[in-house]
Amino acid sequence: TPAEYRRYLNLVAEQRVVSVATIDPQAVADEIGVSEEMVAAYYEDNPDEFRLPEAADVEYIEISRAAVAEDIAVSDDEIEAYYADNRERWLQDEQRRASHILVLTGDDADAARARAAEALARVQAGEPFAAVAADVSEDTGTAEQGGDLGALTRSQLQEELAGIVFSMAEGDVEGPIESSFGYHVVKLDEILERGPLPLDQVRSEILAELRQQEAEARFRDLERSLSDALFDSSSLAEVADATGLDVQSATGITRSGGEPFGANQAAIGAIFADGVLSGEQLSDIVELDADRSAIFKVTEHREATRLPLDDVRDEVVAALEEEQAEGLMQARAEQMQEALDAGEEFAAAAAAAGLAASAPQTLTRTSEAVDPALRFEVFAAGKPTTEDPVYGRVRLQEGGFAVYEIEAVLPGQPESIPLAERDQGKLMMAQESGMGDLQAFVQSLYEDADIEINEDLLAAGDLFQ
């Protein structure tokens, strides 16, 4: 409803006046200390960290549709023959080329209709339609092109416009025509009869299709050749010789993946399969995706190993320093919030806890200069009263902690949002609401349905086994 949408706009454009105090790791750096005993204990207490994962080096042969398609050439004669044999595929419904002038309804439908009628009168008085469209139309996508909508079928036009446009003669101008967007003045520029699209318009599509067909045929032939060679050969080199394909190599493939296969599960499964991982046999032909297949040979397999402490000492120290800093910053933030709860003034509480306080600032839901975690918490918090500000603390996405005080909430002003943006948002919300209603309706039908099970048919199931 209009009231609901205005409430939504008030929330979207809401502003909150906030004081923020922050603390970062640098502020507690002097209090951090890491001993050798702590390093050794951390290393022993985290046996699953600081490990080199299990890995394999492989050789492989890969075939891909993209590779086989690189040298495929299609002649003009082939394109013309394919077009002649498949003309019915490119039949198009009757189209009409039209231009329009759109005046958005906004908050005053009568004024919008009057402006559209005035635009129609200017055209009827002899002004070029394109000039009036550029001057009046609020459809920013077409106004600079004289309102040109292009060639459209009936189904591509709004219902309100379709009946009128497809009843006009070339050169006719009609309006004002009301639609869900506003009022239109429409000129019919050209009528395009039903028939096949010209060859020039579909040439690139035919070329791509013919190349794809030839690539598919070559790919399947190559895949069969690869399968035959794999059946008759015991080494990857023999398969390569039989098919004329190159043997490639990759190193450091783990159970999480590795280049050039990324996290492709088909490749990982083939490489780490029993028999293949030991290097005793080649893998089967594996379909990596819809356009690539490969055969793998493991040349070296390395078990997972834990790195020595000396090699990861710096990482352990960094982890301990981060852990200490996190605890110290959180304790300071909690200390400040406890002081605020006890009634202490914001700046004084921040200074006592060692946080840096900023002057009050006005935030919106889209303030980019503010840490996203802080912005989320501020707008998720309740509203303050005159007597009771709202306090909270949050771990910042960029590191450190913040304590905030919300002093006031300023509702948004829908009038400050451009009309076209408001109308688009209203349409999107209506669609979302309608989809929710539809899903709820379908669910209610499902829940209320009477389901009958044919036990005789189920009992006869053995007949089909």
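Please read these numbers as outputs of a predicted model, since none were measured by experiment.
R292 forms no cation-pi arrangement with F261, by the criterion of a distance under 6.0 Å to the ring centre and an angle within 45° of the ring axis.
The two residues V316 and F50 have their closest heavy-atom pair at CG2-CZ, 3.5 Å. Looking at every heavy atom in both residues, H100 comes nearest to A133 through O-CB, 4.2 Å. V298 and L277 get closest at one heavy-atom pair: CG1-O, 3.5 Å. Residues I101 and F129 come closest through the heavy atom pair CG1-CZ, 3.7 Å. Across every non-hydrogen atom of V17 and P360, the tightest pair is CG1-CB, 4.2 Å. Residues T22 and A402 approach most closely at CG2-CB, 3.9 Å, considering heavy atoms.
At distances below 3.5 Å, at least one donor-acceptor pair connects side-chain atoms of K297 with backbone N or O atoms of G279. Between the side chain of N264 and the backbone N or O of L288 there is at least one donor-acceptor pair closer than 3.5 Å. The main-chain N or O of L104 is found under 3.5 Å from a side-chain atom of E138 such that the two form a donor-acceptor pair. R65 contributes a side-chain N or O that, together with a main-chain N or O of A290, makes up a donor-acceptor pair within less than 3.5 Å. Panel note: side chain E238, backbone S234; a donor-acceptor pair is recorded below 3.5 Å. Proximity of a side-chain donor or acceptor of R211 to a complementary backbone N or O of A69 within less than 3.5 Å is detected. Formation of a donor-acceptor pair under 3.5 Å by the S137 side chain with backbone atoms of L102 is found in this model. A donor-acceptor contact shorter than 3.5 Å links the side chain of R16 to the backbone of V378. Using a distance-only test at 3.5 Å, with no hydrogens or angles considered, no donor-acceptor pair links the side chain of Y5 to the main chain of A430. Counting only distance, with no hydrogens or angles, the side chain of D371 and the backbone of Q397 share a donor-acceptor pair below 3.5 Å.
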For residues 343-359, which side-chain N or O atoms pair as donor and acceptor with protein atoms under 3.5 Å away, sequence neighbours left out?
unit_1	atom_1	unit_2	atom_2	d
E345	OE1	A347	N	3.2
E345	OE1	A348	N	3.0
E345	OE2	A347	N	3.3
S358	OG	V20	O	3.1

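Counting heavy atoms from C-beta on, the side chains of S293 and F219 come closer than 4.5 Å. Within the 4.5 Å cutoff, the side chain of R255 has no heavy atoms near those of the P53 side chain. Using a 4.5 Å cut-off on side-chain heavy atoms (C-beta onward), Y43 and V312 make contact. Between Q324 and M38 the shortest side-chain heavy-atom distance falls below 4.5 Å. Residues V28 and I23 have side chains in contact (heavy-atom distance under 4.5 Å, counting atoms from C-beta outward). The shortest side-chain heavy-atom distance between E223 and L226 does not fall under the 4.5 Å cut-off. A 4.5 Å side-chain heavy-atom check between P25 and M329 finds at least one atom pair inside the cut-off. Contact annotation: the side chain of P411 never approaches that of E14 to less than 4.5 Å [non-hydrogen atoms, C-beta and beyond].
Within a 6.0 Å sphere centred on CG of D30, heavy atoms belonging to other residues, nucleotides or ligands number 12 at most. Summarising the local packing, CD of E368 is surrounded by 12 or fewer heavy atoms from other residues, nucleotides or ligands at distances under 6.0 Å. Residue-environment remark: CG (D108) exceeds the threshold of 12 foreign heavy atoms within 6.0 Å. By the 6.0 Å contact criterion, CD on E31 is enclosed, its count of non-hydrogen atoms from other residues, nucleotides or ligands being greater than 12. Within a 6.0 Å sphere centred on CG of N454, other residues, nucleotides and ligands contribute more than 12 heavy atoms. The environment of CD in E322 is sparse: at most 12 heavy-atom neighbours from other residues, nucleotides or ligands sit within 6.0 Å. For Q361, the CD atom counts as densely surrounded, since its 6.0 Å shell holds more than 12 non-hydrogen atoms of other residues, nucleotides or ligands.
For the atom pair CD1 (I253) and CD1 (I271), the distance works out to 5.5 Å, reported to the nearest 0.5 Å. Distance check, rounded to the nearest 0.5 Å: CZ of F296 to CD1 of I61 gives 11.0 Å. To the nearest 0.5 angstrom, E377 atom CD is 10.5 Å from L396 atom CG. If you take CD on E54 and OG1 on T305, they are separated by 11.0 Å, rounding to the nearest 0.5 Å. In this structure, D48 CG and R306 CZ are separated by 8.0 Å, a value rounded to the nearest 0.5 Å. Separation of atoms CG (L120) and NE2 (H184) is listed at 14.0 Å; rounding is to 0.5 Å.
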> How far apart are the C-alpha atoms of I285 and I295, what are their side-chain angles, what is the distance that settles it, and do they pass the side chain to side chain contact (heavy atoms under 4.5 Å, CB included) test?
Replying inline: CA-CA 5 Å; I285 298 177; I295 298 173; 3.9 Å; yes
>> Would F379 and L363 count as a side chain to side chain contact (heavy atoms under 4.5 Å, CB included) here? Give the steps.
In response: CA-CA 9 Å; F379 280 92; L363 303 184; 4.2 Å; yes
>> Working note: Q212 + E216, criterion side chain to side chain contact (heavy atoms under 4.5 Å, CB included); need CA distance, chi angles, decisive distance, verdict.
In response: CA-CA 6 Å; Q212 182 180 359; E216 177 68 20; 5.5 Å; no
>> Apply side chain to side chain contact (heavy atoms under 4.5 Å, CB included) to residues E178 and T105 and explain how you reach the verdict.
In response: CA-CA 9 Å; E178 186 178 6; T105 303; 5.8 Å; no
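With sequence neighbours left out, the side chain to side chain contact (heavy atoms under 4.5 Å, CB included) criterion links R313 to E36, V39, L309, D310, V317. In terms of the salt bridge (charged side-chain N to carboxylate O under 4.0 Å, His left out) criterion, E49 has no residue partners (sequence neighbours excluded). Applying the side chain to side chain contact (heavy atoms under 4.5 Å, CB included) rule to D284 yields no partners; only residues at least two apart in sequence or on another chain are considered. Legend: residues meeting side chain to side chain contact (heavy atoms under 4.5 Å, CB included) with E300, ordered by chain and number and at least two apart, are D57, R302. Partners of E214 by salt bridge (charged side-chain N to carboxylate O under 4.0 Å, His left out), not counting sequence neighbours, listed by chain and number: R218.
Between F272 and H301, the ring-plane angle classifies as perpendicular under the 30° and 60° cut-offs.
Checked for salt-bridge contact, R395 and E326 meet the test: a charged N lies under 4.0 Å from a carboxylate O.
Between E334 and Q330, the side chains place a donor N or O and an acceptor N or O closer than 3.5 Å (distance only, hydrogens not considered).
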